[in-house]
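The residues of the chain are indexed from 1 along the displayed sequence.
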Amino acid sequence: MSVVKKNLLVELFIEELPPKALKKLGESFASVLADGLEVQGLAGTDSIVSAFASPRRLAVHVSDIAARAADKAVSHKLMPASVGLGADGRATPALLKKLAALGIDATVLPTLKRQIDGKAETLFVDSTVEGATLAQGLQKAVDDAIAKLPIPKVMQYQLDDGWTSVKFVRPAHGLVALHGGDVVPIDVLGLRAGRTTQGHRFEAAKPVIDLRDADSYADQLRDDGAVIASFDERRAEIVRQLQAAAAKQGLKPIDDDALLDEVTALVERPNVLLCRFEREFLEVPPECLILTMKANQKYFPLLDAAGKLTHQFLIVSNIRPADASRVIEGNERVVRPRLADAKFFFDQDRKRPLASRVAGLAKVVYHNKLGTQGERVERVRSLARTIAQQLGDDALAQRADQAAMLAKADLLTDMVGEFPELQGVMGGYYAKHDGLADDIAFAIEDHYKPRFAGDELPRNTTGVAVALADKLETLAGLFGIGQVPTGDKDPFALRRHALGVIRLLIERELPLDAQQLIADAFKAFPSTHGQAQAEVAFFLRERLSGYLREAGYSVQEVEAAIEARPAQWREFPKRLAAVRAFVALPEAASLAAANKRVGNILKKSDVGFEAKVDAALLNEPAEAALSEALVAVKPRADAAFERGDYSASLQALAALKQPVDAFFDSVMVNADDPALRANRLGLLATLHAAMNRVADLSKLVT
């Protein structure tokens, strides 16, 4: 009998949801509910799931939902036959009790099956489990979806009966569950499912919307409720309006996906309007104005063709009045005090030179186990001088020292006190105001970079030295007191600091020894911190592996390059390119396998040997041929390696394939004669060293 399927809609009507969480809440509610229906056999793998999320609702539409799941044939494992059946072959009380617990009548006894399960003969019984009805299955799926919602903070509230309390993200006031045009009788959070919902709080054509069926939901909400229910559609409409409004002025809105998501979660019927503020506020650094407009007001600042901030901005209103002038005036009035505060902070901060604030850092606690910000600054200064000396000369070291001394001073300014996100940025502005060179100002601003994936790197070498010092000091200090990231918890953003170190070393092609940098970072701390040095080295290596894989290299290629342990990490891109070119050679697989075999032989050897060969002891033609090939190939490979041509170095090794294969085919390494054995091991050690200068080729064996 064919099963009639209809589309399903479920909606929870809720008080205003937390905007920064709305997108994830909507996606989770839809996916978990749909998965629950599929597991119970009510939805198919080809069912289409559509999520809806607005400030006051979470909803999901799922196509092709059955009114009842198909029955399932189930085989139940009961117990060993020796326990379930007596000597006379009749059922024991234990078997009858087990059948009763499963809800199976004793009349099935003649149909019991005996099968070997492990070592014992076991009894099985086949039964048919009735498929869940939609009401049963949907109740379970909705309960599960609610239980698994990624709620940032749960609130408890009373239901209408005045006695019962429930916990949810916000108080829920309505529940819709429609299978086609039929209501599915389920109960959630003290609510009984129906077919009515509400539209826009102020602009709905109808205060209560009576939904015709599951498929009319989005259209009825748009037409009768003045609501775009889909988060993605609403977001796209906001983008369209922002771009259109900006284009009319010859401008472009600032690009900020997080702000766009948050604003999408704040409105149900977006209406973009153009506003302005007084031009005098443009004297304040644009970062301050942009941050206060975005963070406090959720506005979209407008930039000109050169990317410069203008005195115009866009707002996304939730209403569409015939005359929007009052909405515009209200928003312009609200933003003015915010901008005035920013201007006041900027003017006040510039009354004192940045250097005058450095002493105050000695009173600011950085970490109760690591001292004050003042003490931290001294550690960063020392490390920055060391790094700068290696990158340049005494003059660079002096500039790096000055920048490191001033880098944290803006933490004590009013502007950074109000907007912590501007630390570093404001220090750069105040340094310029104090007449310091751009080199120093840029370094102060840039020493936090890169702050996130894809962020730009410091603009000059002074900034690079201070940025490296700041990140390495943070890693050494916090690892030294046991503040290590665990799982998804990384309160001090140490993974970000590690990635910053890696990007600086590789992308700026710095001629620095990574291990020496780590050692230098620990010198400023007590000796007890030294035990964490190996942990920091391992942590950085793990992040390095991830960074290189994200660059498009395979796990084997990355492991091969890392295992060679180059002192300077700037070499990794060239080494990986060489490895990839080598892998494409027809000889690569054979040489990589031979390299792994050589490595295993050398590790297992219990005889002393050196990586050198005595030609007088080469009494087998194959070992003599391999030695001769090495004598011919190794100088070419080494010369290419020394001049940094890693591809040529690896490709030179291709000539060794035939003599290496012949060696393993006809030479016994572990000869009875100790001298022969040591000489053959020395030959293999020479081969192994020659093959693994660029990368550990054994890691390429799959």
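Heavy atoms of other residues, nucleotides or ligands lying less than 6.0 angstrom from NZ of K298 number more than 12.
Using a 4.5 Å cut-off on side-chain heavy atoms (C-beta onward), L411 and V364 make no contact. No side-chain heavy atom of R570 sits less than 4.5 Å from a side-chain heavy atom of L505. Using a 4.5 Å heavy-atom threshold, the side chains of L406 and L436 count as touching. Side chains of T292 and V335 form no contact here, defined as non-hydrogen atoms less than 4.5 Å apart.
The CZ atom of R235 sits 4.0 Å away from the CG atom of L260 when rounded to the nearest 0.5 Å. One distance of note links NZ of K343 with CG of L289; it measures 11.0 Å at 0.5 Å rounding. A distance of 7.0 Å separates CG in L422 from CD in E287, rounded to the nearest 0.5 Å.
By the 4.0 Å N-to-carboxylate-O rule, K351 lies too far from D347 to be salt-bridged with it. Salt-bridge formation is detected for the pair E473/R376: a Lys NZ or Arg NE/NH1/NH2 atom is positioned less than 4.0 Å from an Asp or Glu carboxylate oxygen. Salt-bridge formation is not detected for the pair R170/E16: no Lys NZ or Arg NE/NH1/NH2 atom is positioned less than 4.0 Å from an Asp or Glu carboxylate oxygen. R459 has a carboxylate O that lies under 4.0 Å from a charged side-chain N of D446, or vice versa, which qualifies the two as a salt bridge. Between E237 and R240 there is a salt bridge, since a side-chain N of the basic residue sits under 4.0 Å from a carboxylate O of the acidic one. Salt bridge D304/K308: absent, no basic N to carboxylate O contact under 4.0 Å.
F452 approaches R503 most closely through the heavy-atom pair O-NH1, 4.0 Å. Heavy atoms only, all atoms of each residue included: A431 and I444 are closest at CB-CD1, 3.8 Å. Considering every non-hydrogen atom in both Q297 and R338, the closest pair reads OE1-NE, 3.3 Å. Closest heavy-atom contact between P19 and A265: O-CB, 3.2 Å.
At a cut-off of 3.5 Å, with distance as the only test, no side-chain donor of Y366 or E375 sits close to an acceptor on the other residue. Checked by atom type, the side-chain pair H311/E278 shows no donor-acceptor distance below 3.5 Å. A donor-acceptor pair shorter than 3.5 Å cannot be found between the side chains of D393 and Q389. Y430 and D349 share a donor-acceptor pair across their side chains, judged by distance under 3.5 Å alone. Between the side chains of Q568 and D513, no donor N or O sits under 3.5 Å from an acceptor N or O. With hydrogens and angles left out, the side-chain atoms of S230 and D232 include no donor and acceptor closer than 3.5 Å. Checked by atom type, the side-chain pair Q402/Q398 shows no donor-acceptor distance below 3.5 Å. A donor-acceptor contact closer than 3.5 angstrom links the side chains of T462 and D439. Between the side chains of Y299 and N331, at least one donor N or O lies within less than 3.5 Å of an accepting N or O.
No donor-acceptor pair closer than 3.5 Å links the side chain of S382 to the backbone N or O of R379. Side-chain atoms of R381 do not come within 3.5 Å of backbone N or O of R385 as any donor-acceptor pair. The backbone N or O of V267 sits less than 3.5 Å from a side-chain atom of R234, completing a donor-acceptor pair. Checking side-chain atoms of R357 against main-chain N and O of A409 turns up no donor-acceptor pair under 3.5 Å.
Cation-pi check for R57 over F13 is not met; the charged atom does not lie both under 6.0 angstrom from the ring centroid and within 45 degrees of its normal. By the 6.0 Å and 45° rule, R350 stacks over the aromatic ring of F346. The side-chain tip of R543 points at the ring of F539 from less than 6.0 angstrom away and within 45° of straight on.
Screening E542, R541, R549 for a side-chain hydrogen bond (donor to acceptor under 3.5 Å, both in side chains) with S545, the sole residue that qualifies is R549.
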